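For reference, the structure is listed below as structure tokens.
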Amino acid sequence: MNPTYDPAAVEADWYDIWEKSGVFAPEHNPDGEPFCIVLPPPNVTGVLHMGHALNHVIHDVIIRRKRMQGYRVLWLPGMDHAGIATQTVVERELAHEGLTRHDVGRERFIEQVWAWKTRSGGTITEQMRKLGESVDWSRERFTMDEGLSRAVREVFVSLYEKGLIYRGNRIINWCPQHLTALSDIEVEYEDEAGELVFINYPFTDGSGHLTVATTRAETMLGDTGVAVHPGDGRYSDAIGKTVTLPLMNREIPVVADEIVDPEFGTGAVKVTPAHDPNDFEIGRRHGLEAINILTESAEVNENGGRFSGLDRMTARLAVQDALAEGGHLDHIEERTHSVGHCSRCNTVVEPYLSLQWFVKVAPLVTPAIEAVRSGRTRFVPERWENSYYHWMENLRDWCISRQIWWGHRIPAWQCGDCDEVIVTREDPAACPSCSGSNLQQDEDVLDTWFSSALWPFSTLGWPDETPDLAAFYPNAVLVTGFDIIFFWVARMLKMGLEFMDDVPFRDVVIHGLVRAPDGRKMSKSLGNAIDPLDVIDSHGADPLRLAVVQAAAPGQDVPFDMEWVEGARKFGNKLWNAARFVLGHIEAGSVPAQGGYPDDPGPEAAWILSRLADVLRRFDQLADEYRFSDAYGLLYNFAWSEVFDWYLELSKAALDDQETARQTQQTLGVVLRDLLKLFHPAIPYLTEELWNELVGDGLLAGAEWPTPSQAAAPKSMDAFQELVGGIRRFRASHQLSPRQGLQMLVTDPDSIAESWWPRQLESLVAVATESGQPTAGRSTRVVAGSLQGFLPLDGVVDLDAERARLERALGAAEEDFELADRKLSNPSFRDRAPAEVVAKDEQKRKEAEATIAKLRAQLDELGPA
RNA sequence: GGGCGCUUAGCUCAGCGGGAGAGCGCUUCCUUGACGUGGAAGAGGUCACAGGUUCAAUCCCUGUAGCGCCCA
């Protein structure tokens, strides 16, 4: 073995071996209880970023542990076709040749997207392999593959038949860049500086004017009314009158509507039904015409009179100027307001009236809320449930049609002869109403999230009743960031309950965002993004994985710093060298894959075995609660400060002794082996490599999870460590070389010390012990309970330094005494505190008293400075 | 405006009713035969602030301030 850990060498070969062995498939544990997670499908355009790394590593930690625990584990990978994103990528390629998608035509364009998918879509799967993800590639799915497309069609038709999908003219969010509708959550709002423009609309009868306020002046071209609140006394006379729309000279009515906020602007608002959702509602209630004044690319159309042809932003200024010229501009106020942007291209979205397909969400929402309230699906951390309820209770219908080409085409046809709309599972040949064959399929495709919403069951074969579907639905866990609870989690719950009659998953584990070390969001545009593949190249996949797991407290954002990775790599080196040490004392391949704890462990071995059993139990508790950061923190500290720093050191003396050598070898082997098992879900490569050396039997990835041994801890270990600590502090404060041997006389009235102590004291701190008290010369004491060790001072140390050391210790002891004494002198404390708490403080006071007495005596023996 | 978090050692964060913890950083010592990617010892916190509950509050309650996120 190399003297140092080389991640690149360790990580070279194992993935292929794992994959070929079939250990990643559920068939590995055919009789186990099913446990399934479907991977949130990355976009087919995607490359692995830190967010994926965090998400995927949490998945793999859960999955690998469950597999080792004997579950029939399926982790199903796949990709999302990512409609707009993918289409944009291919359109950009076309643009290099000076072409648009319209030049090549729909059919050929889609062929090109598929070709692109074949060529580049596998990038992320290669990267997932590098990270070591134990997914079952034989079950990989794609949202556009044949089976999933069938599921999408079945769901669409079924919802349509139930009246839960409808087509209608509504105000939707329109992206003038992508030329498509967006759903509400694909719009991101930002506060921007803007102007509130106050415009005077003269009453047609000449009796003065009304003033309305707007941030989008150009929309006045499409005004068909003015609205005021019915209870607003300022305008009671105006209701029912008409005003003449400036610039357009259109006579429009003043109506009263509850929705108007009297506090906003002047309390009178212009009504543009085609360009504002509230105005659309007002218009509907009062029979106002909806005049669309914009083209799809947000230029003023022929309905905008002389402004037609201007871009909306240019038109805004032109309209303001024209109003000012005509004397209709009252005034302008500076104002910040919230502006919606396309979440993909950041273009300002336009509220736009158009004919779209919608999912009626109200009937789906109730069971989805109930499923979480009743605990059938649980959020971890729980607090996300509130956000979920709040969002679900305020949902508007979901606009699912997109005016793009890449995606599941809407299975609706319109008859050119009789206008019948046909929605069917099989493509229709003729109109069922008039038997005509002049059928035209809807041009639109579905929102990408429509197919994602079916992911937990469509990937398992639904609508067919496959064995996988029977075994793995509901999924056990969903792991995702809070940013897509609404996009995805909520919709999977709705669809799962509707079509599978059960929740899609039991637990929803929500993790945070990966942030840059300075706490800002990691992004390419800020230039502070860390590429996980660079980290893998420079430090290895295992160190990256361990760093991410340790840094990710549940539900908290993860401030990512390369120092974490450095630390994780150092840990890998430490583990590597611990294994080298162990393999220097036992035969390679000699450790059993499970069990094999020594029957008669010596005291040191019994101690580490009992600690291992404690840690294993606690680790499992934490992991079951998805607290992987705490679980691996616990394990890391146990491995380093107890196994490596203490047990490996203790084992050296025990190995030299023929009587204890065998048990010690056995213990070293099984303790290291169990560490490898516990660490395997986090650092699979390194542990597999070391397992191969140590056990050499089968794959660790398919091995059994450890069960705790029954060893009982010797009580004397705490006292022993205290004694060693005392000796080390004594050496440190007097700068004595660790090599310099010391003689120590020991008094032990309560027989705390055990027979194994002397050889370990010799081995660890070069102290030779003998029982008795010093008779001549000055000495100092190190204490472990009632046991005292006397170390010689004369000729060894600087007495002033010793005095200072003792005084420091005395001060600390006196503080301890004070604290306990103060509590115990309080009668209420004695009355009301539980007996064991009082007893504990009494014990503390007694010990502090004894310590003080010893230290004072010692100071006296030293004499004055 | 509504909601949800956060405020603990220089930094990043755990802990959450009975004497403040980890990693990194810092100081001192150590070429110990697994490892200097190491070992040993140490310094460093009125647990944001103000009230309250309690024998006891970093932890529970109320309020204040600052920061972050989500929704409107």
Side-chain angles (χ1 to χ4, degrees), chain A residues 1-7 184-185 188-189 263 338 381 383-391 393-394 482-483 485-486 512-513 515 517-521 539 543 547 550-564 566-585 627 629-630 633-634 636-637 640-641 644-645 648-649 651-652 668 672 724-739 763-766 808 812 815-816 818-820 822-834 836-838 840-841 844-845 848:
Chain A
M1 282 176 82
N2 256 329
T4 53
Y5 161 53
D6 176 4
D184 293 342
I185 46 178
E188 285 168 5
Y189 291 89
E263 304 290 316
S338 185
R383 69 185 138 90
W384 288 106
E385 289 177 9
N386 287 328
S387 307
Y388 170 79
Y389 295 139
H390 182 258
W391 189 72
E393 283 158 5
N394 292 287
F482 58 80
D483 49 331
I485 292 178
F486 305 144
L513 250 46
R515 295 188 170 277
D518 60 7
R520 290 188 305 172
K521 214 168 165 172
H539 290 73
Q550 287 188 297
Q556 295 289 108
D557 283 353
V558 181
F560 187 85
D561 197 305
M562 282 306 290
E563 281 180 7
W564 282 93
E566 292 282 358
R569 195 183 47 161
K570 287 180 184 174
F571 177 79
N573 189 59
K574 188 73 180 173
L575 185 61
W576 179 267
N577 276 291
R580 281 181 67 216
F581 172 76
V582 172
L583 285 161
H585 292 95
R627 294 173 56 183
S629 162
D630 293 331
L634 171 79
Y636 177 98
N637 284 319
W640 205 310
S641 44
F644 304 154
D645 287 346
L648 259 46
E649 294 307 318
S651 76
K652 288 174 182 172
L668 284 170
L672 178 62
V724 170
I727 295 167
R728 282 172 173 164
R729 273 189 295 279
F730 172 74
R731 277 190 192 281
S733 57
H734 296 298
Q735 309 207 338
L736 296 179
S737 154
R739 286 304 214 178
S763 164
L764 293 182
V765 283
R808 231 181 305 132
E815 265 179 46
D816 289 350
E818 292 275 323
L819 208 78
R822 204 179 317 140
K823 280 165 100 174
L824 291 164
S825 321
N826 180 348
S828 317
F829 174 71
R830 288 183 165 284
D831 286 352
R832 308 212 184 188
E836 65 265 25
V837 174
V838 177
K840 210 169 126 194
D841 274 298
K844 279 180 199 161
R845 184 168 66 176

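Everything numeric in this text was worked out from a predicted model, so none of it was measured. Reminder, nothing fancy here: chain letters follow the sequence lines and each chain counts from 1.
Spacing between U58(B) and U53(B) at atom P, rounded to whole Å, works out to 16 Å. Nucleotides C49(B) and C59(B) have their P atoms positioned 10 Å apart, rounded to a whole Å. Nucleotides A57(B) and A48(B) are separated by 16 Å at their C1' atoms, to the nearest Å. Rounded to the nearest Å, the gap between the C1' atom of C24(B) and that of U31(B) is 26 Å. Atom P of G44(B) sits at a distance of 15 Å from the matching atom of A20(B), rounded to the whole Å. The same atom, P, is picked in G10(B) and in G45(B); the two are 7 Å apart, to the nearest Å. Taking atom P in both G33(B) and A43(B), one finds a spacing of 29 Å when rounded to whole Å. With C1' as the reference atom, U32(B) and G18(B) are 42 Å apart, rounded to whole Å.
A donor and an acceptor atom sit less than 3.5 Å apart, one in the side chain of Lys844(A) and one in the base of G19(B).
Side chain of Asp557(A) to main chain of Gly512(A): no donor-acceptor pair is present (N/O by atom type, distance under 3.5 Å, no hydrogens or angles). Under a 3.5 Å cut-off, the side chain of Trp576(A) and the backbone N or O of Asn2(A) do form a donor-acceptor pair.
The aromatic rings of Phe482(A) and Trp384(A) lie parallel to each other, with less than 30° between the two planes, well short of the 60° mark. Ring pair Trp391(A)/Phe486(A) is parallel by interplanar angle, where below 30° counts as parallel and above 60° as perpendicular.
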Inset, instruction - Map every base of RNA chain B to its dot-bracket character, where paired means a Watson-Crick or G-U wobble contact with both distances under 3.5 Å and | marks a partner outside the strand. - result: (((((((..((((....[..)))).(((((.......))))).....(((((..]....)))))))))))).

For nucleotides 41-45 of chain B, give me every protein contact, N/O to N/O, under 3.5 Å, one pair per line with atom names.
none

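Put simply, OH on Tyr5(A) is 17 Å from C1' on G38(B), counting in whole angstrom units. Summarising the geometry, the separation between CG on Asn386(A) and P on C4(B) is reported as 7 Å, rounded to the nearest angstrom. Look at CZ on Arg830(A): it is 22 Å from P on U54(B), rounded to the nearest Å. What separates CG of Leu634(A) from P of C13(B) is a distance of 22 Å, to the nearest Å. Atom CZ of Arg822(A) is separated from atom C1' of G18(B) by 14 Å (rounded to the nearest Å). Atom NZ in Lys570(A) sits roughly 13 Å away from atom C1' in C35(B) (whole-Å rounding). Residue Phe482(A) contributes atom CZ, which lies 14 Å from atom C1' of C71(B) at whole-angstrom precision. Distance CZ (Phe571(A)) to P (G38(B)): 12 Å, rounded to an integer number of Å.
Annotation: cation-pi geometry not satisfied between Lys574(A) and Tyr636(A) (NZ/CZ under 6.0 angstrom from ring centroid, within 45° of ring axis).
Across all strands shown, Asp561(A) has no heavy atoms under 4.0 Å from either base or sugar-phosphate atoms. Residue-level contact check: Asp557(A) touches neither bases nor backbone, having no heavy atom under 4.0 Å from any strand.
Both Leu648(A) and Arg845(A) lie close to RNA chain B; mapped to their nearest nucleotides by heavy-atom distance, the more 5′-ward contact belongs to Arg845(A). When each of Pro559(A) and Pro834(A) is assigned the nucleotide of RNA chain B with its nearest heavy atom, Pro559(A) is the one assigned upstream, toward the 5' end.
Put simply, Lys652(A) has a side-chain N or O that comes within less than 4.0 Å of OP1 or OP2 on A34(B). At the phosphate of G39(B), OP1 or OP2 sits under 4.0 Å from a side-chain N or O atom of Trp640(A).
Considering only the side chain of Arg515(A), C69(B) comes nearest among A34(B), C30(B), C69(B). Comparing G18(B), C71(B), G39(B) by their closest approach to the side chain of Phe486(A) singles out C71(B).
Annotation: the span from Lys844(A) atom NZ to Lys823(A) atom NZ amounts to 5.5 Å, rounded to 0.5 Å. Note: Leu575(A) CG to Trp640(A) CH2 = 10.0 Å, rounded to the nearest 0.5 Å.
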